[in-house]
Amino acid sequence: MSTSEALDVFRDCYLSDIIYPNSFPERLVALGFVKAAERQSIDEDGRPNSRHLYQRAGTPYGFSFLHLNGGGLSDGALVLPDTPDTRAELLSFVNDQPNLVETTEETRAFLAFAPEDVSWALVQSRFWTSKAVGETGINYSVGPALFEFTDGTKGIALTASRNRSLLDPLTDENLSELTGPGSKLQKLIVTFSEIATSACPDLDKIIWAAEAYGFQGCDDMEPGVTAFSLGGGYGPNASPSDVTNSIHVNCDTEYDFEFALTFSLDERLTADAIQFALFSYLGVTSVNDDGTAPIRLNNKNFIVRHWVTSEIFGNHAFLLQA
């Protein structure tokens, strides 16, 4: 048996058109494969689905797929007799897919609800995601087939499904666009720097400076308040995404003073890239082991830090604390 032959058929009949996979059965029939088995199942919403196995006489491999209740098709799989050599060839195929490490790590972030050992075991043992630039992402898994062959042989399956949520891996050009002059990150850094360096820790000055940068919410503030939040980002050259920016002063903090600018960025930007851009702009020359940096403003000592509030959704905060 040639596993490479089976992989070629899988590529041509399924992977090459994974965005529109519903023609997979027709392509198999055209090659002489016929439905050899069917299993019924119920999805998480209580709706019936069916899984089908197609085989061809004299061919030592087959294909399966999930036929969804709504008429679509998903989870196409190449099914082969389970041998050590076959497992090795399937793993080699997966490892040759583009951007495997980067996109699997990105997908793993969405498994954050699972215990750490569970999510890592899933990724390392049988689950990967691949995405060529400009193409649709594909989730791969290698594991026991859900069907036995008609002669009772146990099978191993290489299963693939679409993943439309992934973004293209960052190129050097993309990174420059997201972090360089004119980028949203640089705009946020300037906003943080200008308000922090001109106003902190004077609360009245913070409110005045924040309003100048388009933040709103000051009119409803009680006299003498020492903790407040401002929303908006409707300042010069505002964009729709700026409304997700907000300022929080002395809110839920153990510090005597805390100024925080919270915001969202492209989730592909790493924490290191964001912190480097912030500290470089502020002229920070030394960084503590905990990722904070000392800075002196308006004759007072502060620490500045970048905090990732949600890696999955690209949520961050710049903090000035004393």
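Within the model, atoms CD1 of I138 and CG of L100 stand 11.0 Å from one another, a figure rounded to the nearest 0.5 Å. L203 contributes atom CG, which lies 6.0 Å from atom CG of N250 (distance to the nearest 0.5 angstrom). Rounded to the nearest 0.5 Å, atoms CD (Q275) and OG1 (T270) are 10.0 Å apart. Note that CD of Q97 is 7.5 Å distant from CG of L15, once rounded to the nearest 0.5 Å. To the nearest 0.5 Å, atom OG1 of residue T159 and atom CG of residue L66 are 10.5 Å apart. A distance of 8.5 Å separates OG1 in T292 from CD in Q321, rounded to the nearest 0.5 Å.
Using a distance-only test at 3.5 Å, with no hydrogens or angles considered, a donor-acceptor pair links the side chain of T191 to the main chain of K187. Checked by atom type and distance alone, the side chain of R162 pairs as donor or acceptor with a backbone atom of I19 at under 3.5 Å. For the pair D8 (side chain) and E5 (backbone), a donor-acceptor distance under 3.5 Å is absent. In terms of modelled atom types and a separation under 3.5 Å, the side chain of N22 and the main chain of L73 share a donor-acceptor contact. Of the possible polar contacts, one joining the T197 side chain to the S193 backbone as a donor-acceptor pair under 3.5 Å is found. A donor-acceptor pair is defined here as one N or O able to donate and one able to accept, closer than 3.5 Å; no such pair exists between the side chain of S23 and the backbone of E26. No side-chain donor-acceptor contact under 3.5 Å links R11 to the backbone of Y14. Between the side chain of D266 and the backbone N or O of R268, at least one donor-acceptor pair lies under 3.5 Å. Between the D168 side chain and the V133 main chain, no donor and acceptor come within less than 3.5 Å of each other. Here the side chain of N315 pairs no donor or acceptor atom with the backbone of T309 at under 3.5 angstrom.
When the options F259, F279, Y213, F263 are evaluated for a ring-ring contact (aromatic ring centres under 6.0 Å, His included) with F192, the one that passes is F259.
Between L297 and C200 the shortest side-chain heavy-atom distance does not fall below 4.5 Å. Taking 4.5 Å as the limit, some side-chain heavy atom of L261 sits within range of a side-chain heavy atom of F215. Residues P25 and H52 form no side-chain contact, since every pair of their non-hydrogen atoms from C-beta on lies 4.5 Å or further apart. Put simply, the side chain of V142 does not reach to within 4.5 Å of the side chain of F93, judged on heavy atoms. By the 4.5 Å heavy-atom criterion applied to side chains, R39 and S64 are not counted as neighbours. A heavy-atom distance below 4.5 Å is found between the side chains of R51 and D75. Residues K184 and L188 are in side-chain contact: their nearest non-hydrogen atoms beyond the backbone lie under 4.5 Å apart. At least one side-chain heavy atom of L158 sits less than 4.5 Å from a side-chain heavy atom of Y140.
Each of I295 and W307 belongs to its own hydrophobic cluster when Ile, Leu, Val, Met, Phe, Trp and Tyr are linked at side-chain heavy-atom distances under 4.5 angstrom. Hydrophobic clustering, with ILVMFWY side chains joined whenever heavy atoms are under 4.5 angstrom apart, groups L7 together with L28. When the side chains of ILVMFWY residues are joined at heavy-atom separations under 4.5 Å, either directly or via intervening members, V34 and F147 end up in two distinct hydrophobic clusters. Under the 4.5 Å side-chain contact rule for hydrophobic residues, I303 and V249 do not share a cluster. In the hydrophobic cluster analysis, where Ile, Leu, Val, Met, Phe, Trp and Tyr join through side-chain heavy atoms closer than 4.5 angstrom, Y281 is grouped together with L269.
Side chain to side chain, T171 and N174 meet the donor-acceptor criterion of an N or O pair below 3.5 Å. Between the side chains of S74 and S161, not a single donor N or O lies within less than 3.5 Å of an accepting N or O.
The number of heavy atoms from other shown groups lying within 6.0 Å of CG (D96) is above 12. Counting non-hydrogen atoms of neighbouring residues, nucleotides and ligands closer than 6.0 angstrom, the CG atom of N301 exceeds 12 such neighbours. Heavy atoms from other residues, nucleotides or ligands lying under 6.0 Å from CD of E173 number 12 at most. In the displayed structure, D290 atom CG is contacted under 6.0 Å by more than 12 heavy atoms of other residues, nucleotides or ligands.
In this structure, F302 and F257 have perpendicular ring planes: the angle between them is above 60°, well past the 30° mark. Aromatic ring orientation, H306 versus H316: parallel (interplanar angle below 30°, classes split at 30° and 60°).
In plain terms, the two heavy atoms of V308 and A271 that are nearest each other are CG2-CB, 3.7 Å. Closest of all the heavy-atom pairs between A209 and S198 is CB-OG, 4.2 Å. Closest approach of A6 and L80 over heavy atoms only: CB-CD2, 3.9 Å. For the pair N298 and A196, the tightest heavy-atom approach, listed with the atom from each and the gap, is ND2-O, 4.1 Å. For S50 against E38, the heavy-atom pair with the smallest separation is CB-OE2, 3.7 Å. Smallest separation of non-hydrogen atoms from P294 and S286: CD-O, 3.6 Å.
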Full working for ring pair (Phe, Tyr, Trp, His ring centres under 6.0 Å) between Y54 and F65: CA-CA 9 Å; Y54 277 61; F65 57 86; 5.6 Å; yes
Stepwise salt bridge (charged side-chain N to carboxylate O under 4.0 Å, His left out) test for E148 and K154: CA-CA 5 Å; E148 291 183 354; K154 299 290 185 182; 2.6 Å; yes
F24 vs F63, side-chain contact (heavy atoms from CB on, under 4.5 Å): CA-CA, chis, key distance, verdict: CA-CA 10 Å; F24 187 33; F63 300 93; 3.8 Å; yes
